[in-house]
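One structure is given here, and the rest of the page talks about it.
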Amino acid sequence: MNTFVDALGFLRDNPALIWEKVVQHLQLAGAAIGVALVIAIPIGVILGHQHRGSFLAINAANIGRALPSLALISIGLGFLGVGFVNVMVAMVILAVPPLMTNAYVAVDQVDADAVEAARGMGMRPVQVLTKVELPLALPLIFAGIRTAVVYVIATGTLAAIAGGGGLGDIIFNQPSYHLSGVIAGSMVIATLAFTAEGIFAVLQRALTPRGIRGREPEVDAFIEPPVADVTRAETARV
Amino acid sequence: MIAALLALADEGPKIPDFGRGSDCVRENGQFCVDWVVKNFGDQLLPRLIEHIELTLIAVGIGFTIAFTAAVVAHRYRWVKTPFTAFSAFVYTIPSIALFQLLVPVTGLSWTSAEIALVGYTLLILFRNTLTGLQEVPDDAIEAAQGMGFTRQQILTRVELPLALPAIMAGVRIATVTTISLATIAAYIGAGGIGQPIFDGIQRGFRTQFVTAGVLAVALALAADGLLVLAQRALAPWMRARQATS
């Protein structure tokens, strides 16, 4: 129990250090999520719109979940060297699959009647996509973003072994910061992950069109696709 | 004396970059195939086997605990909340921190690693088993009751078989998660394929950590693939249902 008191003491005594590492951590996570969004969302949305490539889109999440993060960082280290870029690339690889799978499932499973009605009203395919499919798919796309953000924040701890900075610098350096520092760093990471999860949950709710609010049941288990929202995670694990 | 030294030298270098390695190894080239060929048998393969052991034991123990808890929670509802809260709490601790937290208690050891790894499997396995059991259609249970099945028989002959796909999905996710986390366990001396990764990074020997990383990825993907096949073999009716829908 004493260790936890020490950890709180560590937080109180080193605000500048913690702040510096938090900023690094969030910069890394933000950059990785940004790049991953640009790659994953268009692919997922287009495949979902065309109802094609389901094998690729759905299995992406399974493969992404299987990839060991430490191994990705170590392979990246061999080819990209030490630093921010290597870790960011590894984190992009981890973030793309849940984003893409959720975007695909979200658009693919939009009510076929709604799409048909839109076509009957004379909408062009692009209009069907932007005015019908995307708004209806938004909640699930956001669920994917939420998962990816939490995952990237947790994995960001490992950045420290490849010179990427962040809170891992404290957690991986018990000789300098002692066990109290390790615990303090972990508490900060868990807090960041939960905060991010909360913010995105609120955003998700706000972006859900009124017509379909409360219709989607919360998935309460880690079940695979095509059950939507699969990769939902309330995790801060690395 | 000299003969003994020569004999020792003939055994070949145990430290790959200790003077005698190939040019590639000495210059720490991009990727030295010769080092991998030479050291696969005594440096990488044993670590890979250790890794599989770590994973199987963690998932085995985790499954026993979580499965029992889920069956109990299925009958006695009040068990669900405390067990979920406990396992969800464990799940939120960053693994590298949990490993280090256990070191003062159980030492820099395999035991510390296993305790943490088991802890991380609990939430996934418990939730999936319980959800699987609770989503068994009421009709099926009523039919079984009508046929005179006892509560015990309903559990073993109706509920558990119907929950199998959800349980297997949990086992699959728990296994790949454990493989990933077990690489980090090498940080506290638990062995496994993470050891050559940390080792190689510390020494700056590129070939070693890249190869070990590739092996870890391959192991995870192979395990995932095998479990998909097991899932299909154990619940063939799921495939039939997917094909018709």
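Just so it is clear: chains get the letters A, B, ... in the order the sequence lines come, proteins before strands, and each one is counted from 1. Values reported hereafter were calculated over all heavy atoms of this structure, with side chains retained and with hydrogens, waters and symmetry mates removed.
With contacts defined as side-chain heavy-atom distances shorter than 4.5 Å, the pair B:P104/A:L179 qualifies. Looking at A:F79 and B:V210, their side chains come closer than 4.5 Å, going by heavy atoms from C-beta outward. Between A:Q174 and B:V103 the shortest side-chain heavy-atom distance does not fall below 4.5 Å. Counting heavy atoms from C-beta on, the side chains of A:P68 and B:V217 come closer than 4.5 Å. The closest side-chain heavy-atom distance from A:I73 to B:I197 is not below 4.5 Å.
Note: A:F172 and B:F198 have tilted aromatic rings, judged against thresholds of 30 and 60 degrees for the angle between ring planes.
Annotation: A:F84, atom CZ; neighbour count of heavy atoms from other residues, nucleotides and ligands within 6.0 Å is above 12. Heavy atoms from other residues, nucleotides or ligands lying under 6.0 Å from CZ of B:F40 number more than 12.
Ranked by heavy-atom pairs under 4.5 Å with chain B, the first of A:V182, A:L70, A:I63 is A:L70.
The OH atom of B:Y187 lies 10.0 Å from the CD1 atom of A:I171; values are rounded to the nearest 0.5 Å. Between the CG atom of A:N62 and the CZ atom of B:R172 there is a distance of 4.0 Å, given to the nearest 0.5 Å. Summarising the geometry, atom OG belonging to A:S186 is positioned 9.0 Å from atom CD1 belonging to B:I96; distances are rounded to the nearest 0.5 Å. Taking OG1 of B:T183 as the start and CG of A:L72 as the end, the distance is 10.0 Å to the nearest 0.5 Å. Rounding to the nearest 0.5 Å gives a distance of 10.5 Å between CD1 of A:I161 and CD of B:Q202. Note that OG of B:S180 and CG of A:L67 are 8.5 Å apart. Values are rounded to the nearest 0.5 Å.
For A:R65 against B:V176, the heavy-atom pair with the smallest separation is O-CG2, 4.3 Å.
No part of B:F126 comes within reach of chain A, as not one of its non-hydrogen atoms sits under 4.5 angstrom from that chain.
A:S74 places a side-chain N or O within donor-acceptor distance of the main-chain N or O of B:F209, the cut-off being under 3.5 Å.
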